[in-house]
2 protein chains.
Amino acid sequence: MSDHVPVTAKQVAELAGVSRAAVSRSFTPGASVSPETRRKVMAAAEALGYQVNHLARGLISAQSGLVALIAAEIETPYRASLLSALSQALQSAGKTPILIATDRSDESVKEALHKARSYRTEAAVMFSGMPDTALADLCLRNGMRLVLINRDETREGTLQIRLDDRQAGRSAFNLLAKTGCRRMGLVSSSAGTPSLTGRIEGFREAAREAGAALGEWVAGETGYETGLQAGTELFARPDAPDGVFCVTDLLAMGVMDAARHRLGLQVPRDAAIIGFDNIPQAGWESYRLTTFDQPIDEIAVATVDWLAAPAEPGMPGETVCLPARLVWRDTVRRPLEPGRD
Amino acid sequence: MSDHVPVTAKQVAELAGVSRAAVSRSFTPGASVSPETRRKVMAAAEALGYQVNHLARGLISAQSGLVALIAAEIETPYRASLLSALSQALQSAGKTPILIATDRSDESVKEALHKARSYRTEAAVMFSGMPDTALADLCLRNGMRLVLINRDETREGTLQIRLDDRQAGRSAFNLLAKTGCRRMGLVSSSAGTPSLTGRIEGFREAAREAGAALGEWVAGETGYETGLQAGTELFARPDAPDGVFCVTDLLAMGVMDAARHRLGLQVPRDAAIIGFDNIPQAGWESYRLTTFDQPIDEIAVATVDWLAAPAEPGMPGETVCLPARLVWRDTVRRPLEPGRD
DNA sequence: CTGAAAGCGCTTACAG
DNA sequence: CTGAAAGCGCTTACAG
């Protein structure tokens with residue numbers, strides 16, 4: 001191993017007795033080098049501890065190897081899981097994730113994208129916020145690809161990955177109805193992201209079709225604390241619900257704790273509860289929450305596959321819609337014949 | 001805004017009527033440019049949508065702006081929180097985090113560091129695994145700085161951040177003893193990281209000093225499932241403990257659920273439980289776990305401050321040791337006078 | 001304070 | 001298959 005500061009292709013070339021171009025080619029999959037030179041180059045590289053400088057490579061080849069992961073609240077269970085899956089999948093595909101945290105503001109989304117651009121990331125995958133059209137176009141024109149997770153927007157050259165949220169909302173209602181709930185509750189959010197909205201609308205729609213009244217509680221945020229507050233208020237109402245759908249697991253767990261620890265209710269006997277996301281905590285003994293699963297690994301795979309396919313200019317936007325499957329646990333009574341709807 | 005592909009400093013220079021050097025200087029804090037030229041440059045840059053290309057800047061100036069975050073299991077609550085705090089702090093300081101996931105193997109740690117090196121990251125902060133000496137030296141010689149979180153190792157030019165784990169372990173024992181527990185249990189881990197080991201040794205040490213017997217359960221992993229298993233076995237023993245210290249919150253929550261849901265025990269009446277980390281879930285109504293707090297924000301601040309200070313060659317290693325403060329909740333009976341020890 | 005010039009480490013036509 | 005040469009977009013002495 002060399003004892004000197006950064007070792008460059010030039011030194012490797014000298015040691016191997018070849019040109020700089022040859023070492024470059026040896027490190028480029030599919031380049032035309034004879035096996036013999038490549039072997040010599042690799043041996044020299046190994047001996048010197050050489051690594052290609054990705055900064056230089058990215059500067060010249062538009063292949064920085066970098067992809068930006070843009071997200072808010074990554075400490076949250078669902079986001080953290082998605083982030084983990086995505087970064088591992090990307091890494092396996094030879095890409096390197098750059099992490100850019102945003103808050104909910106448009107301004108921070110804008111900065112995030114600019115930052116991605118300044119590092120010439122090959123793509124940006126966003127799971128929070130939405131770029132405005134002009135900015136998205138700018139990125140696209142600069143050769144950056146966009147993948148939007150759970151945002152509702154199709155655009156040329158971008159991949160959109162979403163779940164069938166509306167259908168899940170409908171299923172939630174029907175499941176509650178089928179298992180004997182009479183007064184339905186919905187704990188939703190004013191965050192207004194397309195995925196949340198889809199779940200809400202699906203649930204309302206099914207309620208309308210069934211002619212059922214709905215007690216709603218609109219939360220600002222989607223976390224545990226908010227759920228706790230929602231549950232506390234909802235179950236104190238004279239027409240307290242006996243079946244509630246919460247648009248996230250965190251909300252559901254807060255609602256559940258309010259019911260049990262603050263109101264002395266039993267779940268599902270006094271109130272059935274359904275969540276959404278299937279975060280790890282949903283499976284804990286203290287909750288055993290019936291919920292819809294976000295297929296995190298499939299999302300990661302879809303992202304990486306799309307990125308691996310060569311980008312063609314003017315490529316139409318693509319959207320993949322994944323099902324959100326119900327995972328049965330203990331917060332809803334089981335119907336005699338567990339239906340699928 | 002320009003409608004053409006990547007806009008470079010040259011175009012900005014032309015539009016502003018200055019040299020390329022002037023635009024470079026305008027974007028370099030502290031460089032010598034007249035306010036007037038800087039103004040012209042900024043206006044032109046704004047008009048064209050110019051962003052300095054960090055790849056090119058990093059290539060020439062050893063200031064890539066990148067710092068590598070190297071970690072395993074980032075989907076885990078404590079890790080996710082730390083990652084979030086770190087990435088935000090870094091971002092506020094103008095740095096951009098690169099995320100490199102590892103598994104526990106030495107091989108993957110090695111690859112992670114090589115990857116960091118190939119992007120010329122200014123620093124690598126590791127919160128999983130340890131680089132072997134030769135590799136760490138290589139990084140250091142290449143001008144990369146290292147910050148090691150909760151790993152026990154001092155080395156020239158690196159920052160080590162750790163908690164007073166041993167003291168926390170001692171406190172846990174003393175607290176349990178003071179609140180009337182007679183049969184102490186310890187749910188530890190064979191992971192062998194320095195922080196875990198410190199907690200374990202502190203607890204054992206205090207037990208030895210008090211002449212108390214100890215029921216131990218050594219887990220491989222540090223997650224909820226393992227805790228559930230540990231609790232199930234531990235409380236089924238004839239000499240089941242009535243006070244147990246778990247080296248992580250996740251373990252503690254599993255143990256707690258085993259006690260309550262599988263053995264029908266009450267916490268803290270039948271068994272007191274103390275955790276470590278103070279993850280968000282520890283505050284949930286179903287747990288209200290008494291635990292030690294990991295000062296995540298302080299860790300992030302310490303990291304960023306150290307990185308902000310200019311690196312001098314041959315700088316001695318620095319270590320900051322933070323206290324892990326007890327947060328009182330409901331899984332330990334309160335002594336009459338809540339002591340500090 | 002300013003500009004012309006050299007150079008960071010790489011890749012990629014181009015010619016052989 | 002191979003090497004000499006040009007060039008990616010920037011920064012930084014150097015001279016003025």
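In this text the structure is predicted, and so the values were computed from the model without any measurement. Every chain is numbered from 1, with letters handed out A, B, ... down the list of sequences.
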- Can a side chain N or O of A:Thr37 be found less than 4.0 Å away from OP1 or OP2 on D:dT2? yes
Would you indicate what [X] reaches in the nucleic acid, counting non-hydrogen atoms under 4.0 angstrom: base, sugar-phosphate, or nothing?
X       : answer
A:Ala21 : base
A:Ser34 : sugar-phosphate
A:Glu36 : nothing
A:Tyr50 : sugar-phosphate
A:Thr8  : sugar-phosphate

Among [options], find the nucleotide with the atom closest to the side chain of [X].
X       : options               : result
A:Val52 : D:dG3, C:dT11, D:dT11 : C:dT11
A:Ile60 : D:dT11, C:dT12, D:dC8 : D:dC8
B:Arg25 : C:dA4, D:dT11, C:dT11 : C:dA4
A:Val33 : D:dT12, D:dT2, D:dG3  : D:dT2
A:Ser32 : C:dT12, C:dC1, D:dC1  : D:dC1

How long is the line joining [atom1] of [X] and [atom2] of [N], in whole Å?
X        : N      : atom1 : atom2 : answer
A:Tyr119 : D:dG9  : OH    : C1'   : 15 Å
A:Arg117 : D:dG9  : CZ    : C1'   : 14 Å
B:Asn53  : D:dC8  : CG    : C1'   : 9 Å
B:Leu59  : D:dT12 : CG    : C1'   : 14 Å
B:His54  : C:dC8  : NE2   : P     : 21 Å
A:Gln11  : C:dC8  : CD    : P     : 11 Å
A:Arg120 : D:dC8  : CZ    : P     : 13 Å
A:Phe27  : C:dG9  : CZ    : P     : 16 Å

[X] side chain to [Y] backbone, donor-acceptor under 3.5 Å:
X        : Y        : answer
A:Arg38  : A:Ser26  : yes
A:Ser108 : A:Asp103 : yes
A:Arg79  : A:Ala72  : yes

Exercise. For the residue pair B:Phe27 and B:Tyr50, categorise the inter-ring angle as parallel (less than 30°), tilted (30 to 60°) or perpendicular (more than 60°).
Key: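 B:Phe27 vs B:Tyr50 ring planes: perpendicular.
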For this session: Return the nucleotide paired to C:dA4: Watson-Crick means purine N1 to pyrimidine N3 with N6-O4 or O6-N4, wobble means G-U with N1-O2 and O6-N3, both under 3.5 Å.
Result: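 Pair assignment: C:dA4 / none.
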If pairing requires Watson-Crick or G-U wobble contacts with both distances under 3.5 Å, which nucleotide is the partner of D:dA13?
->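 For D:dA13, the partner nucleotide comes out as none, under the 3.5 Å rule.
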Are B:Thr96 and B:Leu90 packed together at the side-chain level, in the sense that at least one heavy-atom pair is separated by less than 4.5 angstrom? no
**OP:** Determine whether A:Arg117 and A:Asn142 make a side-chain contact, defined as any pair of heavy atoms from C-beta on separated by less than 4.5 Å.
**Re:**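 Yes, their side chains come closer than 4.5 Å.
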Mapping A:Gln63 and A:Leu55 onto DNA chain C by nearest heavy atom, which one lands closer to the 5' end?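 It is A:Leu55, whose closest nucleotide lies nearer the 5' terminus.
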Contact nearer the 5' end of DNA chain C, comparing A:Ala9 with B:Val18 =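 Here B:Val18 is the residue nearer the 5' end.
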Exercise for review: Write down the distance separating the C1' atoms in C:dT12 and C:dG16, rounded off to the nearest Å.
Suggested key: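 Nearest-Å result for C:dT12 against C:dG16 at atom C1': 16 Å.
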